[in-house]
Amino acid sequence: MGLLQIFDPAARPTPIGIDLGTTNSLVAYTVEGRPECVLDCDLSPLLPSVVHYLAHGGVVVGNEARAKAALHPVETLVSVKRFMGRGADDPETRRLGPYAFLEAEAGGSNTVRFAVHGRAVTPVEASAEILRVLRTRAEEKLRTLGGAVITVPAYFDDAQRQATKDAARLAGLEVLRLINEPTAAALAYGLDKGRDTGTFAVFDLGGGTFDVTVLSLDHGVFQVRSTGGDAQLGGDDMDRAVAAWILGELAVDPERASPALVRASLDAARAAKHALTDATDALVRVDLDGTPRELSLSRAHFESLVAPVIARTTPVVRRALRDAGLQARELDGVILVGGSTRVPAVRAHVATLFGQGPLTDIDPEQVVAYGAAIQANLLAGDRSDDALILDVIPLSLGLETMGGVAEKILPRNTAIPSGRAQQFTTYADNQTGFELHVVQGERELAADNRSLAKFTLRGIPPMPAGAAKLEVTFRVDADGLLTVQARELTTGVAQEIEVAPSYGLSGEDVERMLLDSFDHAEADFAARQLRERIVEAERVMAATEKALVADGGLLDEDERAELDGALRALRAAVASQDGKAIHHRTEGLDRASHPLAERRMDRAVRDAMRGRAVDDVAATVKDRPEHPHLAASYASDPSSPEVTR
């Protein structure tokens, strides 16, 4: 006789952790502080991240969907996570794959849209189908669910994180937090092994993304010291390399292969990769126009095919260690995460990179879900495990200022959640608005970084240049999502924007942005210095010309000639784009304008004193508050799209 499982209806909802993976997804929960994965009817924790759309409108997910991929490659979406937050013109959408894509809508969103049975399907919708199945699994096991912590790659940008949250909401889940996958793995490992202190690297190579995170564990505090990665690198790239070899052996041009043959080649490549984890040789079986074909693939040949893919992890690891200020030998361990770390060549590469064998005693495919479940339990109020996570942002965030300079407000590797405010002011008289351009990246000029958002703060009354006080606040929440608020302090006019662009950075973009910041550091500094000197020169010239129009008669003939000559010299220096000359000529104009400035000040003081007693003036000065200190002084030209310096 079977046992009846009894549930307490008064029991509080159970929070869950979800690893929404490229190849497989999992859902986990905690029992007496220990994480466990929810199993399917075959006692497997893994749900293949595959979605098949039926002709009549139904949807199947998981193993059943994967079984349909060979016959219905266009209608079966595999590794959809790689398309999350991406644009329709992204190079990722043109890589080897069987999908049909719809072009971006004119004037509309640039989001990737798969063409399935005559309709558009977005990556967010497909991911929501996977999350719905995970939610159903958890509900069947736990009955009543609390909120969910969902993991994302550390190098997911703002758009990709927002897309993940949108998918969860579509699936009917309450998102407690997004947590970086390497951080979740370290949380699970540290608590499972009872480690109190140590510095670890988490090497996370999944189906479609790669992250490396260096963090310190100090008595329950997990502090991320640096993070790096490539959002377009993983086991899928190994499959593509092997699939390209298969098509070559079959004398088929990959660009002209049918979707069915492409899907069959990718599936055969994945099967061979799995077989070669334990075996030294594998048979690759593919049907070509109805004729079964068999190819032999040795582990050595496989490793030569995927070596360029694995090698792409090397610069990312070295940069993360450099950012953390550590040598590989100073690490207490290297934690492996992701199914692709089962490949022997990957483990050998990790051992070579770090000079020590990796830690493999927790299943690399389940450890991220474990960490998410632990974090969900902590957020739900269970403090049995005293753990605090301090994560970081991967790339600097800032504003474009006058001259096209990128002013970093939140530098990369800033701990999150975090916020920082900076003050700006106007460059020209009678401005009635500011246009702010939010950028992301490490270069000194805004044009060399990635544009995240633009918005306008209007309704400011006309004031003299420098009188308006604009405070811009950047806030990055615990999910890594950015909000920017702009407020004019004298009027209280404010506007806030949640920065959520319609598509995200490619892995190549991220790598390029960081490497370019190193390669062009000296040139970028010189370019920024030149732009700033030009802006300052233009400001001084404009102020001088305005003063001459109003009070040029205060100068004698020689003084006026000297000042006019200094103005001409500075204009010529600006035209020559010579930074040193601009600097010297600006100082020269400043010296030449001293007589005019002193006489204007003397006249203003006489006008203010006329008809007033000295004691009255002294009392007025005594009671006047000090001018507030400005963190930085910037201005916005109403005819220019950027905040100006």
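Below, all heavy atoms of this structure are taken into account, side chains as well, without hydrogens, waters or symmetry copies.
Counting only heavy atoms from C-beta outward, the side chains of Val214 and Phe200 never approach each other to under 4.5 Å. Counting heavy atoms from C-beta on, the side chains of Ile409 and Val484 never come closer than 4.5 Å. A 4.5 Å side-chain heavy-atom check between Ile150 and Leu176 finds every atom pair outside the cut-off.
Shown here are the salt bridge (Lys or Arg N to Asp or Glu O under 4.0 Å) partners of Arg420, two or more places apart in sequence or in another chain: there are none. For Arg591, the salt bridge (Lys or Arg N to Asp or Glu O under 4.0 Å) criterion is met by no residue, not counting sequence neighbours. Looking at residues two or more places apart in sequence or on another chain, you find a side-chain contact (heavy atoms from CB on, under 4.5 Å) between Ala163 and Met84, Val124. Looking at residues two or more places apart in sequence or on another chain, you find a side chain to side chain donor-acceptor pair (under 3.5 Å) between Arg571 and Glu545. Ala100 meets the side-chain contact (heavy atoms from CB on, under 4.5 Å) test with Val74, Ala115; sequence neighbours excluded. Checked against salt bridge (Lys or Arg N to Asp or Glu O under 4.0 Å), Lys546 has the following partners two or more places apart in sequence or in another chain: Asp429. Residues satisfying the side-chain contact (heavy atoms from CB on, under 4.5 Å) criterion with Gln327, sequence neighbours excluded, are Arg329, Glu330. Legend: residues meeting side-chain contact (heavy atoms from CB on, under 4.5 Å) with Val439, ordered by chain and number and at least two apart, are Ala406, His437, Ala446, Asn449. Residues that satisfy the side chain to side chain donor-acceptor pair (under 3.5 Å) test with Arg599, not counting sequence neighbours, are Glu559. In this view, Arg475 satisfies the salt bridge (Lys or Arg N to Asp or Glu O under 4.0 Å) rule with no residue, not counting sequence neighbours. Every side chain to side chain donor-acceptor pair (under 3.5 Å) that Thr314 has, sequence neighbours left out, goes to His349. Here Arg600 pairs with Asp551 under the side chain to side chain donor-acceptor pair (under 3.5 Å) rule; sequence neighbours left out.
Ring geometry, Phe83 versus Tyr99: the interplanar angle exceeds 60°, so the pair is classed perpendicular (tilted spans 30 to 60°).
Checking side-chain atoms of Ser226 against main-chain N and O of Ala320 turns up a donor-acceptor pair under 3.5 Å. Using modelled atom types, no side-chain atom of Asn180 and backbone atom of Pro182 make a donor-acceptor pair closer than 3.5 Å. Glu125 places a side-chain N or O within donor-acceptor distance of the main-chain N or O of Thr122, the cut-off being under 3.5 Å.
If you run side chain to side chain contact (heavy atoms under 4.5 Å, CB included) between Val149 and each of Leu178, Ile179, Val175, only Ile179 comes through.
For the pair Lys81 and Glu181, the salt-bridge criterion is met [side-chain N within less than 4.0 Å of a carboxylate O].
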